[in-house]
Amino acid sequence: MHYFYVIAFLNLVDLTFTSVGLSLNVIEEGNPIMDFLWQASPYYFILVKGFLSIILVVMALCFPLHFVSKRGWNILLKGTTAIYVFVIGLHFVWVKVIV
């Protein structure tokens, strides 16, 4: 499995949930950089998150699997995936509360 694709997808899911939650004022952005972008303009927030997913897909296309399977990359990518799964789980909690 190529974790770059998985993380890019999870990033887009997070983008969707976060944008809706922030628009409805039911959540706050926990990342200070992304919060700054949202406060400046939701479009900046969306552009940066979308661009990050594009970068991840490009990285998936450029990095061969044998390179990514090295221990350091493997730990980094699995850790990032775990964090995104946790964050999306938090989104499901607030979605359940408001529905």
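The shown structure was predicted, so the numbers you read here are calculated from the model rather than taken from an experiment. No hydrogens, no waters, no symmetry mates; every other heavy atom, side chains included, goes into these values.
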Is it true that atom CD1 of I33 has more than 12 heavy atoms of other residues, nucleotides or ligands lying nearer than 6.0 Å? no

Not counting sequence neighbours, list each pair that qualifies as a salt bridge (Lys or Arg N to Asp or Glu O under 4.0 Å) and has a residue in residues 52-62. none

Does anything in residues 29-41 form a salt bridge (Lys or Arg N to Asp or Glu O under 4.0 Å)? List the pairs, not counting sequence neighbours. none

Does [X] belong to the same Ile/Leu/Val/Met/Phe/Trp/Tyr cluster as [Y], with side-chain heavy atoms less than 4.5 Å apart forming each link?
X: V58; Y: F9; answer: no
X: M34; Y: F51; answer: yes
X: Y43; Y: V48; answer: no
X: I54; Y: I7; answer: no

List the atom pairs, with distances to 0.1 Å, where a side-chain N or O of residues 79-90 and a protein N or O form a donor-acceptor pair under 3.5 Å, not counting sequence neighbours.
| unit_1 | atom_1 | unit_2 | atom_2 | d |
| --- | --- | --- | --- | --- |
| T80 | OG1 | L76 | O | 2.8 |
| T81 | OG1 | L77 | O | 2.8 |
| Y84 | OH | N11 | OD1 | 2.8 |

N/O donor to acceptor pairs below 3.5 angstrom from side-chain atoms of residues 16-26, sequence neighbours left out:
| unit_1 | atom_1 | unit_2 | atom_2 | d |
| --- | --- | --- | --- | --- |
| T16 | OG1 | L12 | O | 3.0 |
| T18 | OG1 | D14 | O | 2.8 |
| T18 | OG1 | D14 | OD1 | 3.0 |
| T18 | OG1 | H91 | NE2 | 3.1 |
| S19 | OG | L15 | O | 2.8 |
| S23 | OG | S19 | O | 2.8 |

Between A8 and S53 the two heavy atoms that sit nearest each other are O-OG, 3.0 Å

Identify, with sequence neighbours excluded, every residue that meets side chain to side chain contact (heavy atoms under 4.5 Å, CB included) alongside Y5. H2, V57, A60, L61

Suppose clustering is done on Ile, Leu, Val, Met, Phe, Trp and Tyr with side-chain heavy atoms closer than 4.5 Å. Which residues sit in the same group as L47? none

Kindly compute the distance separating CG (N31) from CH2 (W38), expressed to the nearest 0.5 Å. 14.0 Å

